[in-house]
Amino acid sequence: MLDLQYILDNREAVQQNCDNRGITVSLDRLTELDSARRLHIQEGDELRRQQKETSGGIPKAKDNDERQQLIAKGKELREQIGAIEAKQKEIEAELRTLQADIPNMTHPAAPVGKTEDDSQVVRTWGEKPNFDFEPLDHVALAEKHNLIDFEAGGRVAGHGFYYLKNEAVMLELALIQYAVEKVRAAGFSIHTTPDLARNDVLEGIGFNPRGNETQIYSVENSDLSLVATAEITLGGAEKDQMMDLDQLPILRAGISHCFRTEAGAHGRAGRGIYRVHQFTKVEMFAFTAPESTASDEVHAKIVGIEEEIFQGLGLHYQVIDTATGDLGGPAYRKYDLEAWMPGRGEGGSYGEVTSASNCTDYQARRLNIRCKNPNEKGTKFVHTLNGTAVAVTRALIAILENYQQADGSIKIPEVLQKWVGQDKIG
RNA sequence: GGAGAGAUGGCUGAGCGGCCGAAAGCGCUGGAUUGCUAAUCCAGUGAGUCUCGUAAGAGGCUCCACGAGUUCGAAUCUCGUUCUCUCCGCCA
């Protein structure tokens, strides 16, 4: 959520930003509601002042007559205040809804464009593997080596669920270990987090727990939902907290399951474990000082860790600077790593394996996470960032497809061998 | 699951329906002082929001977990919700 005053003071820039992101908002209505809100506040304040004066005079009243008069006046004021507060509440509810629909501002250097295709490749690392045979996709590889059971997943939980088996399980555990080792070395403290969270936490991070387009499974008869990423729980952990400026940045990482309904995505869901309803992920999260210099720096650090992880795995990837239209609400800037997946599409293609966002104070404002600078009055909302260390399913696809050999076996990336306990599958 | 206790400022912790935005302490900031990183003394020190002002600032209102209610008046009384703690039971 953006600051209301900021929106009103920078209407043109906010409008331009919404246009760039392909979001329709009514800033006129917002302005209208804001004026109405101020008017009601002023009126209410004045009435409340009178009421305090009135009730304060009652103990000092000279006689019963005067006392009864003041009580009557107090009653009348109470009714007027009630009416005006009700109206103000209505106005503020609509105002807040509008305000929450406005996306974060955008880093000036982020590529402007409505779709994914407008995103820019900022650099690539490694090279596509050269196969002197026809490579299989991960579904075929998994079947050949008995690594994934989609049928059982379907019977038990439906399409989009799966069982990992045998070396695939070892690879999942190894990837987690490997990612955890990397993020800890980079200064992130490691957590396992709840797989459920309250809806107001989801909303604070920027997810919509209910509604047609929700990505979120909600638990019936409760205000809990299954989390779509540990970003939710790592950020939500500090809801309503006050931090000291000098303890920032705070770097945390979490291991969690991620649950996504993928509503509306079934058409392009495709084969395999690229788009699934549940997967395991190691996520990085950071709270930084409320300046973009501070958060940009940590943003670069997070992307750097992601690259180090995929370089260590020996996987060819490109880094994408995400276009405005594809940023989502909270992100100020977002870098994705797309790894080469030889079995994806016709003759292989890049597939998103990580995503790193600087959300500036957009999430912190709604979660009410502030920091205090001892040298300044007041408080400020911190900046928050998140990035994928490893999303197991996506990384698994890249590994299986890139490391397949002419003889049908699959090599295990060297950095994972100590945890998998073998150097190849098959 | 059963029984009970509780939630107050950055932290600890007092608080009778009106004199409470809230004692005290810690912490922090400024100053004084002591011949030496410490000690002592004095002063200041919550957040949010609205109005006025170019500004420094001034003033109003709100906030004692959250939400309703009683009352002329609620941190204080009532109800609901959430969370925390203790004891018992159950359980990996």
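Just so it is clear: chains get the letters A, B, ... in the order the sequence lines come, proteins before strands, and each one is counted from 1.
Shortest non-hydrogen contact noted between A:Leu234 and A:Glu283 is CD1-O, 3.8 Å. Minimum heavy-atom separation, A:Ile410 to A:Ile399: CG2-O, 4.4 Å.
Rounded to whole Å, the C1' atom of B:G53 lies 38 Å from the corresponding atom of B:G67. Atom P of B:U49 sits at a distance of 30 Å from the matching atom of B:G13, rounded to the whole Å. For the P atoms, the distance from B:A75 to B:U62 is 10 Å, rounded to whole Å. When the C1' atom is compared between B:C26 and B:A14, the two are found 15 Å apart, to the nearest whole Å. B:G15 and B:A22 are spaced 8 Å apart, taking the C1' atom of each and rounding to whole Å. A gap of 24 Å separates the C1' atoms of B:A74 and B:U84, to the nearest Å. Spacing of C1' atoms, B:U8 relative to B:C52, comes out at 33 Å, to the nearest Å. Nucleotides B:G6 and B:U76, compared at atom P, are 15 Å apart to the nearest Å.
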Anything under 3.5 Å between a protein N or O and an N or O of nucleotides 55-60 of chain B, put it in a table, one pair a line.
| from | atom 1 | to | atom 2 | distance (Å) |
| --- | --- | --- | --- | --- |
| B:G60 | N2 | A:Asp45 | OD2 | 2.4 |

Can you check nucleotides 81-85 of chain B for protein contacts, nitrogen or oxygen pairs under 3.5 Å, and list what you find?
| from | atom 1 | to | atom 2 | distance (Å) |
| --- | --- | --- | --- | --- |
| B:U82 | O3' | A:Arg198 | NH2 | 2.8 |
| B:C83 | OP1 | A:Arg198 | NH2 | 2.6 |

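In this structure, A:Arg67 atom CZ and B:U71 atom C1' are separated by 15 Å, rounded to whole Å. Taking atom CD on A:Glu53 and atom C1' on B:G73, their separation rounds to 14 Å, with Å as the unit. Taking atom CD on A:Gln42 and atom P on B:U62, their separation rounds to 15 Å, with Å as the unit. The distance from atom CD1 of A:Ile369 to atom C1' of B:A47 is 17 Å, rounded to the nearest whole Å. B:C72 atom P lies 18 Å from atom CZ of A:Arg48, rounded to whole Å.
Each of A:Thr360, A:Asp321, A:Asn104, A:Asp296 was compared with A:Arg333 under the side-chain hydrogen bond (donor to acceptor under 3.5 Å, both in side chains) criterion, and only A:Asp321 meets it.
The number of heavy-atom neighbours closer than 6.0 Å to CD of A:Gln247, taken from other residues, nucleotides and ligands shown, is above 12. In A:Glu297, the CD atom is not crowded: 12 or fewer heavy atoms of neighbouring residues, nucleotides or ligands sit closer than 6.0 Å.
Between A:Gly57 and A:Arg38, the residue anchored nearer the 5' end of RNA chain B, judged by the nucleotide with its closest heavy atom, is A:Gly57. Between A:Leu70 and A:Asp34, the one whose closest nucleotide on RNA chain B sits nearer the 5' end is A:Asp34.
Between the side chain of A:Thr193 and the main chain of A:Gly254, no donor-acceptor pair closer than 3.5 Å is present.
Phosphate contact (OP1/OP2 of B:G73, side-chain N/O of A:Lys73, threshold under 4.0 Å): absent.
When both pairing distances are held under 3.5 Å, B:C11 makes a Watson-Crick or G-U pair with B:G25.
Using bins of under 30°, 30° to 60° and over 60° for the plane-to-plane angle, the ring pair A:Phe310/A:Tyr317 lands in the perpendicular bin.
Here A:Lys89 lies in heavy-atom contact (under 4.0 Å) with sugar-phosphate atoms only.
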